[in-house]
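Take a look at the structure below.
Computed over heavy atoms, backbone and side chain alike; hydrogens, waters and symmetry mates excluded.
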Amino acid sequence: MDFLNKNMVVVLWLGVIWFVLLLCIKTTLINAELERFEQPAAKGDGSLSFLVIGDWGRRGAFNQSLVALQMGRIGERLDIDFVVSTGDNFYDNGLTGDDDSAFEDSFTNIYTANSLQKPWYSVLGNHDYRGNAEAQLSPVLRKIDTRWLCLRSFVVNAEVAELFFVDTTPLVDMYFTDTEEHTYDWRAIPSRKAYTTNLLRDVESALKESTAKWKIVVGHHAIRSVGHHGDTQELVDLLLPILRANDVDFYMNGHDHCLEQIADTKSPIQFITSGAGSKAWRGDIKGLNREGLHFFYDGQGFISVKLTHTDSDINFYDVFGNVLHQWTTSKQLLSAL
């Protein structure tokens, strides 16, 4: 009888320990916050300038090197503070590990201009998830090239603006239901439902708490696009309502290999696509929903962004550094809409 009682006590204690562990895990998830990074204002007037590039890493091929050359020229002219990468950083299938030569061949040895020796804030794209996604997040890469900072989701506080980087690939159904024989690295996402629920909650919380003059959300996949992939319905359903409710000014993405600007019809949000860092898709325009379309270009290029406390200035460049499209607005005008 004593033996049975002792066993029962052990079982009860194991049950209590397991319950406490589950409670701790649940509490950790509830209290999770997006990691934050500070980007202090470097200019006396408090303005902010940066470049946005996406879908680029091809060891210099498909005009990647030419785009990089023009980025360096424009970056010097604007005295940029950093570069934003909208994902699909390394083709075709991400990196094989943190020792993959593609990192230096497609990044370090391509973006060599002095003006581009600034922080590169990057998100993962679907092609990055086809390789070793953990490799791009590894601190080993920062030892190779200190510019590189890539996480799944995070926030950059740049004083006049806050940038919210969102891991959009796990939100898209097709990468789980119709993989087209591709393999995706979901090792860190054992439960898609739990991951995406927590992600959306954390993004919403961070946006609500933000008091920045400009709120910019960055993801790989487009919410609105007339390019090859078109609108991403999962983001329209799940992410867009959060952006509209929290006064987001810009949503910037890659994925479609083009440059475009589309205005939201129900809020001041501007959808900005910069996915033309190397291979472009000439003539590939869906046009299923052209509502709000201001600009579309199906060649290689990148964009620049300059922000002050009251004004924004966004320029779209081709592979030769020519300005194809410019969009400026005042914060007062945005607030009045």
Side-chain angles (χ1 to χ4, degrees), residues 29 32-35 37 53-59 83-108 110 119-156 163-200 202-203 217-222 229 232 234-235 238-239 252-257 275 277-279:
L29 289 174
E33 293 182 354
L34 300 181
E35 189 169 356
F37 298 87
I53 185 77
D55 304 78
W56 42 268
R58 298 182 185 272
R59 300 178 190 265
V83 178
V84 167
S85 171
T86 58
D88 277 2
N89 307 313
F90 302 98
Y91 281 95
D92 276 329
N93 299 308
L95 297 178
T96 58
D98 55 25
D99 59 350
D100 191 335
S101 63
F103 178 71
E104 292 179 90
D105 292 343
S106 293
F107 176 60
T108 302
I110 300 296
W120 281 59
Y121 298 116
S122 309
V123 290
L124 297 172
N126 53 295
H127 281 267
D128 299 313
Y129 266 107
R130 290 183 190 176
N132 183 340
E134 299 297 315
Q136 292 195 45
L137 315 181
S138 171
V140 172
L141 296 188
R142 296 207 72 190
K143 294 180 180 179
I144 298 172
D145 193 321
T146 57
R147 295 178 292 174
W148 184 256
L149 197 155
C150 180
L151 296 173
R152 285 190 168 82
S153 300
F154 59 102
V155 180
V156 173
L163 291 83
F164 305 82
F165 292 77
V166 180
D167 184 19
T168 59
T169 303
L171 294 168
V172 181
D173 292 338
M174 66 174 290
Y175 304 123
F176 296 86
T177 61
D178 185 17
T179 60
E180 298 179 344
E181 300 183 357
H182 296 298
T183 300
Y184 293 89
D185 183 4
W186 300 129
R187 286 175 296 168
I189 307 177
S191 169
R192 181 193 178 198
K193 182 178 180 181
Y195 179 83
T196 56
T197 298
N198 292 333
L199 171 60
L200 292 169
D202 293 343
V203 170
V217 177
V218 179
H220 177 62
H221 296 80
H229 296 101
T232 307
E234 294 90 341
L235 300 190
L238 298 173
L239 184 58
M252 298 181 175
N253 61 272
H255 197 46
D256 274 338
H257 296 190
S278 57
K279 188 177 182 180

> Is there a side-chain contact between Trp148 and Gln136 (heavy atoms, below 4.5 Å)?
Replying inline: yes
> When the ring planes of His255 and His229 are compared, do they come out parallel, tilted or perpendicular, using 30° and 60° as the limits?
Replying inline: parallel
> With under 30° as parallel and over 60° as perpendicular, where do the rings of His257 and Tyr91 fit, or are they tilted in between?
Replying inline: perpendicular
> Heavy-atom distance under 4.5 Å between the side chains of Asp145 and Trp120, does that happen here?
Replying inline: no
> Closest heavy-atom contact between Cys150 and Val123?
Replying inline: SG-C, 4.2 Å
> Would Leu163 and Tyr121 satisfy side chain to side chain contact (heavy atoms under 4.5 Å, CB included), going step by step from the backbone distance to the final call?
Replying inline: CA-CA 10 Å; Leu163 291 83; Tyr121 298 116; over 6 Å; no
> Do Leu199 and Ser153 have side-chain heavy atoms sitting under 4.5 Å apart?
Replying inline: yes
> Closest heavy-atom contact between Ala102 and Phe90?
Replying inline: O-CE2, 3.7 Å
>> Using a 3.5 Å distance criterion without hydrogens, assess whether the side chain of Asp55 forms a donor-acceptor pair with backbone atoms of Ser278.
In response: no
> Where do Leu141 and Ala135 come nearest, in terms of heavy atoms and distance?
Replying inline: CD1-O, 3.2 Å
>> Can you confirm if the aromatic rings of Tyr129 and His220 lie within a centre distance of less than 6.0 Å?
In response: no
> Would you say Asp88's side chain and Asn126's backbone share a donor-acceptor pair under 3.5 angstrom?
Replying inline: yes
> Looking only at heavy atoms, which two atoms of Asp98 and Ser138 are closest? And how far apart?
Replying inline: OD2-OG, 3.3 Å
>> Between Ile110 and Arg59, is there a side-chain heavy-atom distance shorter than 4.5 Å?
In response: no
> Which pairs count as salt bridge (Lys or Arg N to Asp or Glu O under 4.0 Å) when at least one residue sits in residues 126-140, sequence neighbours excluded?
Replying inline: Glu134-Arg152
> With no hydrogens and no angle check, is any side-chain donor or acceptor of Thr196 less than 3.5 Å from a backbone partner on Lys193?
Replying inline: yes
>> Return the OG to CG distance between Ser122 and Leu137, rounded to the nearest 0.5 Å.
In response: 10.5 Å
>> Determine whether the aromatic ring centres of residues Phe165 and Phe154 are separated by less than 6.0 angstrom.
In response: yes
>> Could you check whether any side-chain heavy atom of Thr168 comes within less than 4.5 Å of a side-chain heavy atom of Asn253, counting everything from C-beta outward?
In response: no
> Is the closest side-chain heavy-atom distance between Leu171 and Leu200 below 4.5 Å?
Replying inline: yes
> Angle class for the Trp186/Phe176 ring planes (parallel below 30°, perpendicular above 60°, tilted otherwise)?
Replying inline: parallel
> Under the 3.5 angstrom rule, does the side chain of Asp178 hit a backbone N or O of Met174 as a donor-acceptor pair?
Replying inline: no
>> Does any part of the side chain of Trp56, heavy atoms only, come nearer than 4.5 Å to the side chain of Asn89, both counted from C-beta?
In response: yes
>> Asp173: which residues meet the salt bridge (Lys or Arg N to Asp or Glu O under 4.0 Å) condition with it, sequence neighbours left out?
In response: Arg192
>> Do Thr169 and Leu124 have side chains that approach each other closer than 4.5 Å (heavy atoms only, starting at C-beta)?
In response: no
>> Can you list everything that forms a salt bridge (Lys or Arg N to Asp or Glu O under 4.0 Å) with Arg142? Sequence neighbours excluded, please.
In response: none
